[in-house]
Protein chains: 2
Amino acid sequence: MGSLDRSLIAGLSVFEGLAATDLDRIVGQARSLRIAKDQPVFEQEQEAHSFFLLLDGHVRVVKSTPDGHEVTVRYISPGELMGIAHALGRTTYPANAIAAVDCVALAWPSHLWPTLAANFPSFSANTYKTVGSRLQDAHTRVIEMSTEQVDQRVAHALLKLVKQTGKKTEEGILIDFPISRQDIAEMTGTTLHTVSRLLSAWEDQGLVKSGRQKVTVVEPHRLLLIAEGRAEKS
Amino acid sequence: MGSLDRSLIAGLSVFEGLAATDLDRIVGQARSLRIAKDQPVFEQEQEAHSFFLLLDGHVRVVKSTPDGHEVTVRYISPGELMGIAHALGRTTYPANAIAAVDCVALAWPSHLWPTLAANFPSFSANTYKTVGSRLQDAHTRVIEMSTEQVDQRVAHALLKLVKQTGKKTEEGILIDFPISRQDIAEMTGTTLHTVSRLLSAWEDQGLVKSGRQKVTVVEPHRLLLIAEGRAEKS
DNA sequence: CGACGCCTTGACGTTTATCAACCCTCGTGG
DNA sequence: CCACGAGGGTTGATAAACGTCAAGGCGTCG
């Protein structure tokens, strides 16, 4: 499998600035694995034995609250790291990670992190850069939840997904994995009912096309107006 | 300034695991500064020239949105790092930091970070551990905003402040810096009106005592019940 | 002493969750 | 191959939670 993987991997931003031999040395210590749709990659509170690099597929990261609510923290796309608890001084995973579709990933034993970080400074710097942008994302999310109405938050979430995983089709830009109203609700802190109503309304206005576990954004620009609260109400 | 500072500093968790000479080497490269109440330590979008260690006082970290809302990200207490944008691959500060009271801090030029991190691995590990717990905090905040009602969030915020900066008094535990209804509103994503009503109601029930820019928690345990949604409505 | 900043409280309206009922469609097993 | 069942989606009615608007009080600092 080596060579196919390597060509896929070399261009990833996690490995930016690494010499080819270093890259081989790092990747050589990983095992590759596949995760079937709806199977967990890792689970909340579990011992963080490995960290992962998603090569193909999409993974949903979810936190469960004691009282049964589920909040989706983020979706992981190919090329992104996940489960890097160890780099942040944690010994357990902070959330559940579930394959939204069949996935392929590389996994490193967590105990390798200190050595890898010490030997390959640009690998470590790249990693912390993604940590930084996740912290940023989380704060953005807090701000959205604090200051925006539900329709704005849902619009923002759709646009983020489109940017992350959008795939051009004849009808518009499709979010490239199965996503339900419930999923969107868990990303935006609302209920599937409200999401359903919003999508219905937007479909009537020609902004989106949606179906069973499928959303296509037809007019990103108008959706952005809603996201920014600069759209007159219907 | 050396000796007085050093005894204060040696016990801080950021410096855990460092030899005394290493600590001197690190602290020796910092300059100490004082910030007057209501003055900025650093500002959003500004070039991140330095990172800081708060020695005394309290700093409020706030993000401003384009449309004029302000969201308080966190309060920094003595012993905590702030402005560590550089360690996360950013070149500008992500938020405003404002002294809630007169403060004392150490400041290192940001460009020292890579060398410090490389030379003192436990310093770097400690730093990333605090980054990890802030990421954690941010996610907790998102979850609270997604699943809890305003009264629960305000109760949680007060309890967090009490834990962070609580000072025992005869009447209960006092939050040890001036904090207005507006400030609490900005932490919890609500309005000063709602916070005022809640505090009034809680005061009637003997849970808290509050006055101008001052909150004392009298019965943390009952407040926790509210925070967890396990309290019957008045 | 006056004015500004902070706090309080009432009345009202909107947003959005909740409750309830129903439809559609896809996949599975008889 | 068809029937049916579960999971996903839609939509209406209702009500609660909370923001908004408005007015006024109180204390503190210049």
Side-chain angles (χ1 to χ4, degrees), chain A residues 37-38 60 65 67-71 98 100 144-155 157-158 175 177-205 208-216 226 229 231-234, chain B residues 36-38 60 67-71 98 100 144-155 157-158 175 177-205 208-216 226 229 231-234:
Chain A
K37 180 176 175 181
D38 295 329
R60 196 159 52 100
T65 67
D67 56 308
H69 278 106
E70 309 242 298
V71 177
I98 291 157
E144 286 180 7
M145 300 280 313
S146 300
T147 64
E148 295 179 356
Q149 315 234 46
V150 169
D151 58 345
Q152 297 181 268
R153 302 206 301 269
V154 172
L158 291 181
I175 294 169
F177 53 83
I179 185 165
S180 67
R181 309 292 184 259
Q182 175 69 34
D183 292 333
I184 297 173
E186 288 176 6
M187 301 179 67
T188 51
T190 180
T191 62
L192 76 163
H193 307 279
T194 300
V195 173
S196 179
R197 283 184 235 274
L198 284 172
L199 287 182
S200 297
W202 291 344
E203 184 136 17
D204 289 348
Q205 299 173 233
V208 304
K209 276 219 86 193
S210 77
R212 190 190 178 78
Q213 302 200 93
K214 175 165 124 354
V215 179
T216 305
I226 292 176
E232 60 278 26
K233 295 276 155 71
S234 55
Chain B
K37 180 174 176 184
D38 295 329
R60 195 160 52 101
D67 56 308
H69 278 106
E70 308 242 300
V71 177
I98 291 158
E144 287 180 6
M145 299 282 312
S146 299
T147 64
E148 295 180 354
Q149 313 232 42
V150 170
D151 58 345
Q152 297 180 266
R153 302 205 302 268
V154 172
L158 291 182
I175 294 170
F177 53 84
I179 184 166
S180 68
R181 309 292 183 262
Q182 176 68 33
D183 291 333
I184 297 173
E186 286 175 8
M187 300 180 67
T188 51
T190 180
T191 62
L192 77 163
H193 307 281
T194 299
V195 173
S196 179
R197 284 185 237 273
L198 284 171
L199 287 182
S200 296
W202 291 343
E203 184 136 16
D204 290 348
Q205 299 173 234
V208 303
K209 276 220 87 193
S210 76
R212 190 192 180 75
Q213 300 199 95
K214 173 164 129 345
V215 179
T216 305
I226 292 176
E232 60 278 24
K233 293 280 155 68
S234 56

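Chain letters run A, B, ... following the sequence lines, proteins first and then strands; every chain starts at 1. Predicted, not measured: the structure shown is a model, and the values here were computed from it.
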Respond yes when some side-chain nitrogen or oxygen of T190(A) is under 4.0 Å from OP1 or OP2 of dA17(C), and no when none is. yes
In the structure I gave you, are the side-chain heavy atoms of V154(B) and I226(B) within less than 4.5 Å of one another anywhere? no
Does the protein touch nucleotides 19-29 of chain C at the base, only the backbone, or not at all? Give it as B, S and - per nucleotide, heavy atoms under 4.0 Å. BB---------
Can you name the nearest heavy-atom pair linking G229(B) to Q152(B), along with the distance? N-NE2, 3.3 Å
Exam field: side chain R153(B) to backbone E148(B), donor-acceptor pair closer than 3.5 Å: yes
Is V150(B) close to T188(B) at the side-chain level, that is, under 4.5 Å between some pair of heavy atoms? no
Tell me the interatomic distance from L199(B), atom CG, to dC6(C), atom P, rounded to whole angstroms. 16 Å
Using salt bridge (Lys or Arg N to Asp or Glu O under 4.0 Å) as the criterion, list what pairs up with R60(A), not counting sequence neighbours. D183(A), E186(A)
Rounded to whole Å, CD of Q152(A) lies from P of dT15(C) at a distance of 12 Å
Quick one: D183(B) CG to dC7(C) C1', roughly how many Å, whole number? 13 Å
Atom CD of E148(A) and atom P of dC18(D) are separated, to the nearest Å, by 19 Å
Do any side-chain nitrogens or oxygens of S180(B) fall under 4.0 Å of OP1 or OP2 in dG5(C)? no
Whole-Å distance, D204(A) CG to dT11(D) P, equals 8 Å
Measure from the side-chain heavy atoms of T191(B) and tell me the nearest of dG9(D), dC7(C), dT20(D). dT20(D)
Contact check, side chains of R181(A) and V215(A), non-hydrogen atoms, under 4.5 Å: yes
If only side-chain N and O atoms of S196(B) are considered, is one of them under 4.0 Å from the OP1 or OP2 phosphate oxygen of dT8(C)? yes
Show the nearest heavy-atom pair for residues A155(B) and W202(B), with the distance to one decimal. N-CH2, 3.8 Å
If you only use heavy atoms from C-beta on, which nucleotide in dG9(D), dA17(C), dT9(C) is closest to the side chain of Q213(A)? dG9(D)
What integer distance in Å separates L192(B):CG from dC6(C):P? 10 Å
Integer-rounded Å distance: dG13(C) P and Q149(A) CD: 18 Å
Can you check the W202(B) CH2 to dT8(C) C1' distance for me, whole Å? 16 Å
Heavy-atom closest pair, residues K37(B) and P178(B): NZ-CG, 4.0 Å
Per-helix bend value, the helix from dC1(C)-dG30(D) to dG30(C)-dC1(D), C1' rotation axes over five pairs per end, 10° rounding, shows 30°
Which heavy-atom pair separates A185(A) from T191(A) by the least distance, and what is that distance? CB-C, 3.5 Å
At less than 4.0 Å, is any side-chain N or O atom of T194(B) found next to OP1 or OP2 of dA17(D)? Yes or no. no
